[in-house]
Amino acid sequence: MEHYRLLTDEEIIILENNGCTAEDWTSINVAEDFLPNHIKNTSFYGEVNLGVFEKNVEITKGFIKHSGINRATLRNVTIGDNCLIENVGGYINNYTIGDDCYISNVSIIETTEGATYGEGNLISVLNEAGDGNAIIFGNLNSQFAAFMVKHFGDKNIKDEIRRLINEDIERNMPERGIIGNNVKIIGTKEITNTVINDNCEINGASRLSDCSILNGPNDSVYIGTGVICENSIICNGSSIINSVKIQDCFVGEACHISNGFTASQSVFFANSYMSNGEACAAFCGPFSASHHKSSLLIGGQFSFYNAGSNTNFSNHAYKMGPIHYGTLERGTKTASGSYVLMPAKIGAFSVCMGKLMHHPDTRDVPFSYLISYNDDMYLVPGRNITTVGLYRDIKKWPKRDKRLQGSQKSIVNFDWLSPFTVGEILRGKKILENLRAASGDLQSQYNYHDYVINSSSLRKGIKYYDIALRLYMGAVLKRAKKHNYFGVPTTTIGRGNWIDLSGLLLPESEEERLIDDIKNGTLETIQAVIDRFEEINDHYREYQWAWTYQMILDYYGLSEITEEDALRIRQDYITARRAWIAEIRKDAEKEYAMGDVEDEVFNDFINKLDHEIDYEDMA
């Protein structure tokens, strides 16, 4: 803690000669080595504590000014060492400011009574007209948010979650607004009841009210021109720029929100990218994206998802170029007059899975297309397994994680084939086989609920699902042998159903254990709950092996997996992998034949496919 002393009479005279005034000079405390020379045209009210002003401050690259205070009104403020504060049009009231800060051309920075800094704000996601079901706070991550939203209807778990969050907030709540060390605040009109952590920059924002701007060890936040942010929390590595307006929101790590995007009652996690459009009551998990002006994310849960626009849909049936998946709402026509849907919400690769949020009839037929023609809806099962787009997504998502290693708050599992998704594939394959068994092989079409499946699509769907199953079993078995846990699993955890908590893939039994431990008080703090998520993720491979071992026994009709069996599974894996790559090559050639892809792009992609054989021996 800084040791302060009172001003000397000589220092008071210098300050007054510099155009400074004070309500009471005896309420001004200064650091032991304080010199008044660089304090000018400043008015002091209440208790003010000042550090030293002996170094230069970098305004922008190559532009240096001496630290000090000029043309400002300060009331009940503590200012650290070597700050430059100038041109405060209104006042700074009830704030603690750290070292080496630059604050210039601002109007008001103030803490008022009852400030919560956005912490503990109850919002409603997934249902914009419903009761609150998510509490935002600084230590929130995507797993805890998904868990909270999922179980907030259980009064007992809701009460315990509220208690844990309130205790966590109370432990970390500052007495007044804080601006950390090395913070830049430039050209901003109003900052009220806001905590701004170290190294963050606020440049040209319109208003920050009741917010927390958090940072990581080397991962700060940037807030730019015209931004209005109210009752929200913004986490490390994120940028909010170009007239964005957010209210009652949580913005997680390494998110980018820009170009007039507006959001209310929504949460965004890990590498989400939002621009131009709007979100309301949206749960945007890791790698959610929206680029278009006419996009509205409302009342939905997304991850690894790219929203299309109202007119062109961004429904990229061909995806060799640098573009993403998109989705269409049912009932919206394409330019060709037919309805096309690439729906999804499942697991880490939500769009790839082809799962409909509002069409439960299709949720057991994953990785599928729905194509509407006239009054009929055609289901094309498993088609997405062998597309260029899926192949690109598998490769690109891990590379696009902008979060700093070692400081990630939200857990993101990038496995596109996992016990969660493969469980869906097994159910989808069984549905198709049952349809064929019930109606025979000679049918031209099959009916599944309200959907039509052409016979060729059904046969290919079974084939594609089988390719994915063999890919998965071979890859997991190969990893088990490489890391020396091949053999009978040492745990039964993981053998049942699996779920996805916004990036964390886990056995359903572990979620049930988590619920019990929160209710019975075994987990007594928010950190303990977050540590449990980490613990579950740390055991992912162990739990995955328990599930996969049983799956292999069932698939191949075995009682145990011998070395001879392992060789057979490996050969099936290689055959399936080569068949998978061959199908993706066909998809790429089809796109190239349409004339939409440059030769260089096509050749580069084919070259990557040619080298896939190099990975056959890698876990």
Side-chain angles (χ1 to χ4, degrees), residues 1-59 64-115 117 174-196 198 202 207-209:
M1 182 177 177
E2 186 83 53
H3 293 287
Y4 294 107
R5 61 172 176 81
L6 294 175
L7 290 165
T8 65
D9 291 341
E10 181 181 358
E11 288 169 338
I12 293 173
I13 291 171
I14 294 173
L15 288 170
E16 290 178 334
N17 288 338
N18 285 346
C20 298
T21 62
E23 186 179 47
D24 179 2
W25 285 113
T26 63
S27 295
I28 312 303
N29 307 300
V30 297
E32 199 65 42
D33 297 328
F34 171 81
L35 294 174
N37 307 59
H38 297 283
I39 312 296
K40 300 176 181 179
N41 304 309
T42 299
S43 299
F44 300 100
Y45 294 85
E47 181 179 323
V48 176
N49 304 311
L50 301 175
V52 298
F53 302 91
E54 57 189 9
K55 294 181 180 178
N56 291 328
V57 174
E58 186 175 52
I59 306 305
I64 305 297
K65 295 176 72 172
H66 199 283
S67 59
I69 305 173
N70 189 20
R71 294 189 295 278
T73 299
L74 308 177
R75 178 181 181 271
N76 296 338
V77 172
T78 293
I79 298 174
D81 295 337
N82 300 304
C83 293
L84 175 58
I85 299 174
E86 58 184 3
N87 302 323
V88 178
Y91 51 82
I92 300 177
N93 179 33
N94 291 327
Y95 251 86
T96 298
I97 300 171
D99 300 333
D100 303 301
C101 292
Y102 176 48
I103 299 175
S104 176
N105 291 300
V106 300
S107 179
I108 294 173
I109 300 177
E110 180 177 30
T111 306
T112 62
E113 186 176 355
Y117 316 103
E175 294 182 1
R176 64 183 184 184
I178 293 176
I179 296 172
N181 301 321
N182 197 35
V183 170
K184 285 187 176 182
I185 303 175
I186 306 164
T188 297
K189 295 179 181 178
E190 177 187 340
I191 296 177
T192 306
N193 301 335
T194 295
V195 168
I196 303 172
D198 296 353
I202 319 295
R207 182 170 71 254
L208 304 180
S209 177

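- Separating the CD1 atom in I185 from the CG atom in L208 is a distance of 8.0 Å, to the nearest 0.5 Å.
- Atoms CG and OH, from N49 and Y4 in turn, are 4.5 Å apart once rounded to the nearest 0.5 Å.
- Across all non-hydrogen atoms, the minimal contact from G180 to V183 is O-CG2, 3.5 Å.
- The shortest side-chain heavy-atom distance between I69 and L74 falls under the 4.5 Å cut-off.
- Side-chain contact of N94 with N76: a donor-acceptor pair under 3.5 Å is present, judged by distance alone.
- Around NZ of K65, the count of heavy atoms belonging to other residues, nucleotides or ligands within 6.0 Å exceeds 12.
- Considering every non-hydrogen atom in both C83 and G98, the closest pair reads SG-O, 2.9 Å.
- To the nearest 0.5 Å, the span separating CD on E190 from CD1 on I109 amounts to 10.5 Å.
- A donor-acceptor pair under 3.5 Å links the side-chain atoms of R5 to the main chain of E32, judged by distance alone.
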(request) Evaluate the criterion side-chain contact (heavy atoms from CB on, under 4.5 Å) for residue pair T78 and R176; output intermediate values, then yes/no. (result) CA-CA 11 Å; T78 293; R176 64 183 184 184; 3.1 Å; yes
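- In terms of modelled atom types and a separation under 3.5 Å, the side chain of D81 and the main chain of V52 share a donor-acceptor contact.
- A donor atom on one side chain and an acceptor atom on the other are found under 3.5 Å apart for E110 and N93.
- Panel note: side chain N56, backbone I64; no donor-acceptor pair is recorded below 3.5 Å.
- The one candidate from T194, T111, I178 that meets the side-chain contact (heavy atoms from CB on, under 4.5 Å) condition with Y117 is T111.
- Donor-acceptor pairing under 3.5 Å is lacking for the side chains of E10 and T8.
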(message) Run F34 and I28 through side-chain contact (heavy atoms from CB on, under 4.5 Å) and show every step you take.
(response) CA-CA 12 Å; F34 171 81; I28 312 303; over 6 Å; no
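- To the nearest 0.5 angstrom, I97 atom CD1 is 4.0 Å from I85 atom CD1.
- Here the closest heavy-atom approach between residue C101 and residue I179 is recorded as SG-CG2, 4.2 Å.
- Taking CZ of R75 as the reference point, atom CD of E47 lies at 11.0 Å (rounded to 0.5 Å).
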(request) Would you sort out whether T73 and V88 count as a side-chain contact (heavy atoms from CB on, under 4.5 Å), showing the intermediate values? (result) CA-CA 7 Å; T73 299; V88 178; 5.8 Å; no
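- With R71 as the fixed residue, the side chain to side chain donor-acceptor pair (under 3.5 Å) test singles out one of N105, N87, T42: N87.
- Distance check: N29 CG to L6 CG gives 6.0 Å after rounding to the nearest 0.5 Å.
- Closest heavy-atom contact between V57 and S67: CG2-CB, 3.9 Å.
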Considering only distance and modelled atom types, tabulate donor-acceptor pairs under 3.5 Å from the side chains of residues 14-23, sequence neighbours left out.
from : atom 1 : to  : atom 2 : distance (Å)
E16  : OE2    : W25 : NE1    : 3.2
N17  : ND2    : I13 : O      : 3.3
N18  : ND2    : I39 : O      : 3.2
T21  : OG1    : S43 : OG     : 3.2
E23  : OE1    : G46 : N      : 3.1

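- You'll find the side chain of E54 reaches within 4.5 Å of the side chain of N82, heavy atoms only.
- Across all their heavy atoms, Y95 and T192 have their closest contact at OH-C, 4.4 Å.
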(request) Verify side-chain contact (heavy atoms from CB on, under 4.5 Å) between L84 and I59, making sure each step is shown before the conclusion. (result) CA-CA 9 Å; L84 175 58; I59 306 305; 3.6 Å; yes
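- Using a distance-only test at 3.5 Å, with no hydrogens or angles considered, a donor-acceptor pair links the side chain of N181 to the main chain of D99.
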